[in-house]
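What follows is a single structure, written as structure tokens, with notes after it.
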Amino acid sequence: MITNKTPLRDLAKKRGLAVGAAVNAEALRDDPQYRTILAREFGMATCENAMKFGPLRPSRERFAFDDADAVVAFAGEHGMAVRGHALVWHNMLPDWFAKGGFTYDDGIDLVRGHIHTVVSRYRGRVCAWDVVNEAFDDRGGWRDSPFLRMFGPDYPTMAFHWAHEADPDAKLFYNDYNADSINRKSDAVYAMVRMLLERGVPIHGVGLQMHLCAWDAVYPASVAANIKRFNDLGLDVQITEMDVRMKEPFNESGLLQQARIYREIMEVCLRAERCSAFVVWGLTDRYSWIPQTFKGEGGGLLFDNEGRPKPAYDALCEVLAS
Ligand code: XIL
């Protein structure tokens with residue numbers, strides 16, 4: 001079980017950083033150990049799925065806020081900040097929406113209405129929103145989505161304006177994966193956010209998801225340079241969905257590699273001019289999305305199936321305390 005050392009969230013707070021976790025609403029409801037670890041170790045929460053379009057919108061007429069409300073309430077009770085995730089994303093859309101067939105005007109009505117309703121419900125309680133998630137493919141081109149089809153490449157501009165209308169105090173983020181270091185995809189993100197800023201669009205930060213593999217090389221200097229170029233535009237950067245997956249069978253050397261990678265990314269974040277949050281994509285390996293998504297892989301988080309802290313957890317504590 002967890003030791004009586006200073007919790008991660010307190011160590012991070014002393015360094016001016018929020019350490020967060022994606023929260024599985026079901027585990028939060030059913031698993032007392034899950035609640036204990038979350039409240040003790042993390043100062044920030046993201047709904048892993050509950051604030052996505054599909055889960056929130058079973059039909060055009062109906063919103064299902066229960067899970068998202070429960071996560072936000074738990075966070076409030078335990079002094080945790082909340083990141084909102086995600087308003088505009090090609091994935092996990094409800095069928096009735098993904099099917100399309102909306103006119104331009106109807107589409108605007110629908111998406112603007114969705115963003116207004118969701119963002120204003122959590123106004124003052126969600127400090128940062130992933131307004132647009134994963135708009136680019138790995139080569140840096142626009143990813144196909146109902147939003148792109150309906151509105152063209154102006155859709156991020158529209159979405160950021162709508163979110164800002166609903167909560168002028170929330171920090172608004174563009175979020176993506178495989179755009180953590182300098183590469184074609186992060187170049188595309190950089191070009192887009194610079195264009196948005198030039199046009200006066202209310203965007204305040206870039207989220208680097210940081211879904212990594214323990215067996216791959218990580219280039220901290222390149223991640224640092226990437227963060228710096230966003231900071232130089234006046235934007236905040238947050239690590240939004242970190243996990244470092246291993247291949248089965250998991251072994252000691254994988255755990256140590258993983259710990260080293262967590263440590264290196266945390267060091268980069270601490271050294272950056274503005275890297276204000278470090279969020280991991282889940283709490284314990286038991287509920288992680290990785291085994292369902294990447295066959296034969298898993299074990300990417302800070303706590304194991306039983307809720308015991310792993311070497312990666314110790315590594316983060318060490319860096320934060322040093
Ligand atoms: C994942 C969730 O973890 C899964 O439970 C769900 O089935 C699919 O979505 N990038 C994101 C996250 O922005 O929303 C994704 O979350 C993981 C990849």
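One-based numbering, in listed order, for ligands and for the atoms of each. Owing to the predicted nature of the structure, the values given are computational and were not obtained by experimental measurement. The first residue in the sequence is number 1, and the count goes up from there.
- A salt bridge links Asp67 with Arg29: the distance from a Lys NZ or Arg NE/NH1/NH2 to an Asp or Glu carboxylate oxygen falls below 4.0 Å.
- One finds the OH atom of Tyr262 at 5.5 Å from the CE atom of Met242 (value rounded to the nearest 0.5 Å).
- Taking a cutoff of 4.0 Å between a charged side-chain nitrogen and a carboxylate oxygen, Asp95 and Lys99 do not qualify as a salt bridge.
- Closer than 4.0 angstrom to ligand 1 sit non-hydrogen atoms from Glu48, Asn49, Lys52, His85, Trp89, Met92, Asn133, Glu134, Gln209, His211, Glu241, Trp281, Trp289.
- Comment: Arg143 does not engage Asp176 in a salt bridge, judged by the lack of any side-chain N to carboxylate O separation of less than 4.0 angstrom.
- Annotation: side-chain hydrogen bond (donor to acceptor under 3.5 Å, both in side chains) contacts involving residues 191-207, sequence neighbours excluded, comprise Asp154-Arg199, Thr157-Arg199.
- Geometrically, Lys247 does not engage Phe294 in a cation-pi contact defined by less than 6.0 Å to the ring centre and at most 45° from the axis.
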